[in-house]
Amino acid sequence: MPSISQPDLVPDASSTRAEMESQQREIAALATFEDRFSFDARRITNPLEAASADKPLEAASTDGTQPIIAGVDQSFLLESEPERALSAIVAMRDGEVLERVYAVTPLEIPYIPGLLAFREGGPILKAMTNLSVEPDLYLFDGSGRIHYRQAGIATHIGVVLDVPAIGVAKSLLCGDPADSLEGLAPGTRVPIEANARVDAPEGTVLGYAVQTRQYESGTRSINPLYVSPGHRVGPETAADLAFGLAAEYKLPEPIRLADRYATTAKREYRA
DNA sequence: GCGACAG
DNA sequence: ATCTTGTCGC
């Protein structure tokens, strides 16, 4: 795993709530919500678009400079005593799985909206210890800058390790969509702006609601994802990458596979 | 007091 | 997140 760049900011579940919140403000101040990475993000394009394009799929994936992208997700063993978290990581390159690892740890604190990183951050860092490859980018299940103090779990882990990170949430923690989110077409995005409840100037674009998939017809519609910068990635690029990494499903592949692995690994672990 | 609230 | 049967829709 990458070295710890900010030892003092490693999530500590024994901190008081006030300490956690002030640490988050510190993290937000250290975070970079702009593109600061070395790989070529333009080469990450939606597999479905690539397939429909004129050139063969192989053409978009040749040399060995493709970035390693890791998806991170958790499952929980809530029946055990104490409750435990299973953190799973799937590292991919060029649409291929390079490595899958997981770690199980006891949970220290309950889920509190806004303090997720203090519940799941430890388990995640432990799982990273088992990785042999060094990802160029991490995708987390949860928010990044779309957070009361602009320091969601993707930002927290990103800053602690000083690695490019993006938050991909399935529901909106805070902020206001700049427009309606009903029945958006695939590829569409809507800015999520800071409001009075967010520690940022009102109207600041914190991230985007991103529609990766949509039903062709019908009454129901698929909800968008809420994508925001974690660290060293700007909001537009974060949205581009989330969309580009989604294949046949709503979730970007690295996260979808991490989600599945977290579930299957839990079965193995119990047995 | 009331409402909102990632996973 | 997790616990779970049926059920609506293509």
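The chains referred to below are lettered A, B, ... by the order of the sequence lines, with proteins before strands, and numbering in each begins at 1.
The stretch residues 145-154 of chain A has no heavy atom under 4.0 Å from DNA chain C, so no residue of it qualifies as close. In the region residues 107-119 of chain A, proximity to DNA chain B at under 4.0 angstrom, judged on heavy atoms, holds for A/Tyr111, A/Pro113, A/Gly114, A/Leu115, A/Leu116. Within residues 73-81 of chain A, the residues having any heavy atom closer than 4.0 Å to DNA chain C are, in order of number, A/Ser75, A/Phe76, A/Leu78.
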May I have the list of side-chain donor-acceptor pairs in residues 221-228 of chain A shorter than 3.5 Å, sequence neighbours left out?
| from | atom 1 | to | atom 2 | distance (Å) |
| --- | --- | --- | --- | --- |
| A/Ser228 | OG | A/Gly144 | N | 2.8 |
| A/Ser228 | OG | A/Arg145 | N | 3.3 |
| A/Ser228 | OG | A/Ile146 | N | 3.4 |

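A/Tyr148 and A/Gln24 form no side-chain donor-acceptor contact under 3.5 Å, judged by distance and modelled atom types alone. With hydrogens and angles left out, the side-chain atoms of A/Gln74 and A/Ser87 include a donor and acceptor closer than 3.5 Å.
Every residue two or more places apart in sequence or in another chain was checked for a ring-ring contact (aromatic ring centres under 6.0 Å, His included) with A/Phe76, and none qualifies. Taking the ring-ring contact (aromatic ring centres under 6.0 Å, His included) definition, one finds that A/Tyr249 meets it with nothing, sequence neighbours left out. Taking the ring-ring contact (aromatic ring centres under 6.0 Å, His included) definition, one finds that A/His231 meets it with nothing, sequence neighbours left out. In this view, A/Tyr138 satisfies the ring-ring contact (aromatic ring centres under 6.0 Å, His included) rule with no residue, not counting sequence neighbours.
The structure places CG of A/Asp73 at 8.0 Å from CD of A/Glu120, a figure rounded to the nearest 0.5 Å. One finds the CG atom of A/Asp259 at 6.5 Å from the CG atom of A/Leu251 (value rounded to the nearest 0.5 Å).
Remark: P of B/dG7 and CG of A/Leu86 are 18 Å apart, rounded to the nearest angstrom. Atom-to-atom, CG of A/Asn195 to P of B/dG3 comes out at 18 Å; the value is rounded to the nearest Å. Distance A/His156 NE2 to B/dA6 C1': 15 Å, rounded to the nearest Å. Straight-line distance from the CD1 atom of A/Ile192 to the C1' atom of B/dC5: 15 Å, rounded to whole Å. Rounded to whole Å, atom C1' of B/dA6 lies 14 Å from atom CG of A/Asp259. Going from atom CG of A/Asp141 over to atom P of B/dA6 covers 13 Å, rounded to whole Å.
Side-chain nitrogen and oxygen atoms of A/Ser171 include none within less than 4.0 Å of the OP1 or OP2 phosphate oxygen of B/dC5. In this model, the phosphate group of B/dG7 is approached by a side-chain N or O of A/Lys170 to a distance below 4.0 Å at OP1 or OP2.
Between A/Glu21 and A/Glu19, every side-chain heavy-atom pair lies at or beyond the 4.5 Å cut-off. Within the 4.5 Å cutoff, the side chain of A/Leu161 has no heavy atoms near those of the A/Ser5 side chain.
In terms of modelled atom types and a separation under 3.5 Å, the side chain of A/Asp94 and the main chain of A/Glu96 share no donor-acceptor contact. No donor-acceptor pair under 3.5 Å is formed between the side chain of A/Lys250 and the backbone N or O of A/Thr212.
Remark: A/Arg260 CZ is loosely packed, at most 12 non-hydrogen atoms of other residues, nucleotides or ligands lying under 6.0 Å away.
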Note to self: Please encode protein proximity along nucleotides 4-10 of chain C as a string of B, S and -, counting only heavy-atom distances under 4.0 Å.
What the structure shows: ------S
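Here A/Asp199 pairs with A/Arg25 in a salt bridge; the nearest charged N to carboxylate O distance falls below 4.0 Å.
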Next item on the list: Before giving the answer on side chain to side chain contact (heavy atoms under 4.5 Å, CB included), spell out for A/Leu139 and A/Leu241 the whole-Å C-alpha distance, their side-chain angles and the decisive distance to 0.1 Å.
Entry: CA-CA 10 Å; A/Leu139 300 186; A/Leu241 288 168; 5.7 Å; no
Next item on the list: Could you provide the dot-bracket string of DNA chain B, using ( ) for intrastrand pairs, [ ] for crossing pairs and | for bases paired to another strand, with Watson-Crick or G-U pairs below 3.5 Å?
Entry: .......
Margin query: As a check on the pairing definition, encode DNA chain C in dot-bracket form, counting Watson-Crick and G-U wobble pairs whose two distances are under 3.5 Å, and using | for partners outside this strand.
Written below: ..........
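Sorted by first then second residue, the salt bridge (charged side-chain N to carboxylate O under 4.0 Å, His left out) pairs that include residues 1-14 of chain A, not counting sequence neighbours, number zero.
Remark: A/Arg189 qualifies as a cation-pi partner of A/Tyr208 under the 6.0 Å distance and 45° angle criteria applied to the six-membered ring.
The side chain of A/Leu173 approaches B/dA6 more closely than any other nucleotide in the set B/dA6, B/dG7, C/dC3.
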